[in-house]
Amino acid sequence: MPIGLAPTPRSTFEAHTIDHEAMDKAPLLDLPFNPGVQVRGYSAINQPNCQIIIEDFMPGDEFSWTFTHDEMQYALSGEMELEVALPPLYQEVIKTRITPGTLFTYPVGARKTVKVVSDVPFRHICFCPPSPNYPFPTLEDLKG
């Protein structure tokens, strides 16, 4: 390996403007480990340092998820009730309501339980460092 180069791929600059119209038309995808629950979204930016996903949870849906990486999120629209159990023993539990404009984080290993309580999808931005390369379509795929 040449001296001075990083041992992993480096990210580059990228900018993205959220396309809400395309997002509204994105296909519903089955949420793993949660039979009957579907989400929609697209991968806005996917660089080695972070994948940024625009994602919707559907009205009335309830599900659980465990994070295999740290993740930060920003709520754009809709509302959800959230319960987060923290590792290592999952005895520390935080209950809150997430509304538009809320920025929140999940540490690796956190287990969340979500209930969407709004009549509109809970739309949010997910910042996933480093990129887990989740198989969401890109905006170009949606506009195809």
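The residues of the chain are indexed from 1 along the displayed sequence.
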| What do you reckon, are the aromatic ring centroids of Y134 and H69 less than 6.0 Å apart? | yes
| task | Report yes if some heavy atom in the side chain of P100 is under 4.5 Å from a heavy atom in the side chain of E79; otherwise report no. | result | yes
| query | To the nearest 0.5 Å, how far apart are CD in E55 and CG in L31? | reply | 8.0 Å
| What heavy-atom pair brings Y74 and L103 nearest, and what distance separates the two atoms? | CB-CD1, 4.0 Å
| How long is the span from the CG atom in L82 to the OG1 atom in T113, to the nearest 0.5 Å? | 8.0 Å
| request: Compare all side-chain heavy atoms of V84 with those of Y106 and state whether any distance is below 4.5 angstrom. | output: yes
| task | List the atom of T66, the atom of G109, and the distance in Å for their closest heavy-atom pair. | result | CG2-O, 3.8 Å
| task | Say whether, by atom type as modelled, one donor and one acceptor occur between the side chain of R40 and the main chain of K25 under 3.5 angstrom. | result | no
| said: So which atom in S118 and which in P59 form the shortest heavy-atom distance, rounded to 0.1 Å? | reply: O-CB, 3.4 Å
| query | Is a side-chain donor or acceptor of N34 paired with a backbone partner of P32 at a separation under 3.5 angstrom? | reply | yes
| said: Checking L76 against I18 for the side-chain contact (heavy atoms from CB on, under 4.5 Å) test, could you report, in this order, the C-alpha distance in whole Å, the side-chain angles of both residues, the deciding distance, and whether it holds? | reply: CA-CA 11 Å; L76 296 169; I18 297 171; 4.0 Å; yes
| Hey, is CD on E92 packed in by over 12 heavy atoms from elsewhere, all under 6.0 Å? | no
| Taking side chain as C-beta onward, heavy atoms only, is D24 less than 4.5 Å from R123? | yes
| message | Within the 4.5 Å heavy-atom criterion, are N46 and F136 side-chain neighbours or not? | response | no
| message | Under a 3.5 Å distance rule, please check whether D30 uses its side chain to pair with a backbone N or O of Q38 as donor and acceptor. | response | no
| Hydrophobic cluster identity match, I98 and W65, side-chain contacts under 4.5 Å | yes
| field | Shortest non-hydrogen contact from M23 toward G41 | value | CE-CA, 3.5 Å
| query | Distance-only, no hydrogens or angles: does the S11 side chain make a donor-acceptor pair with backbone N or O of N49 under 3.5 Å? | reply | yes
| remark: Rounding to 0.5 Å, atoms NE2 (H16) and CD1 (I54) come to a distance of 5.5 Å
| field | Donor on one side chain, acceptor on other, T138 and S43, under 3.5 Å | value | no
| request: Check whether V116 and F33 end up in the same hydrophobic cluster, where Ile, Leu, Val, Met, Phe, Trp and Tyr are linked by side-chain heavy atoms less than 4.5 Å apart. | output: yes
| Does a side-chain heavy-atom distance below 4.5 Å link Q47 with I52? | no
| query | Of K95, K112, R97, which meets salt bridge (Lys or Arg N to Asp or Glu O under 4.0 Å) against E81? | reply | R97
| Do Q51 side-chain atoms and N133 backbone N/O form a donor-acceptor pair below 3.5 Å? | yes
| field | Distance, nearest 0.5 Å, that separates SG of C126 from CE of M72 | value | 10.5 Å
| query | Should L142 and D19 count as side-chain neighbours, where that means a heavy-atom distance under 4.5 Å? | reply | no
| field | Atom of V108, atom of D70 and distance for their closest heavy-atom approach | value | N-OD1, 2.8 Å
| Given M58, which of L28, V120, V37 fulfils the side-chain contact (heavy atoms from CB on, under 4.5 Å) condition? | L28
| query | Side chains of P48 and S131: does their closest heavy-atom pair fall under 4.5 Å? | reply | no
| request: Report yes or no: do I53 and L29 belong to one cluster of Ile/Leu/Val/Met/Phe/Trp/Tyr joined by side chain heavy-atom distances under 4.5 Å? | output: yes
| said: Using 30° and 60° as the class boundaries, would you call the ring planes of F57 and F63 parallel, tilted or perpendicular? | reply: perpendicular
| query | Is the closest side-chain heavy-atom distance between V114 and F122 below 4.5 Å? | reply | no
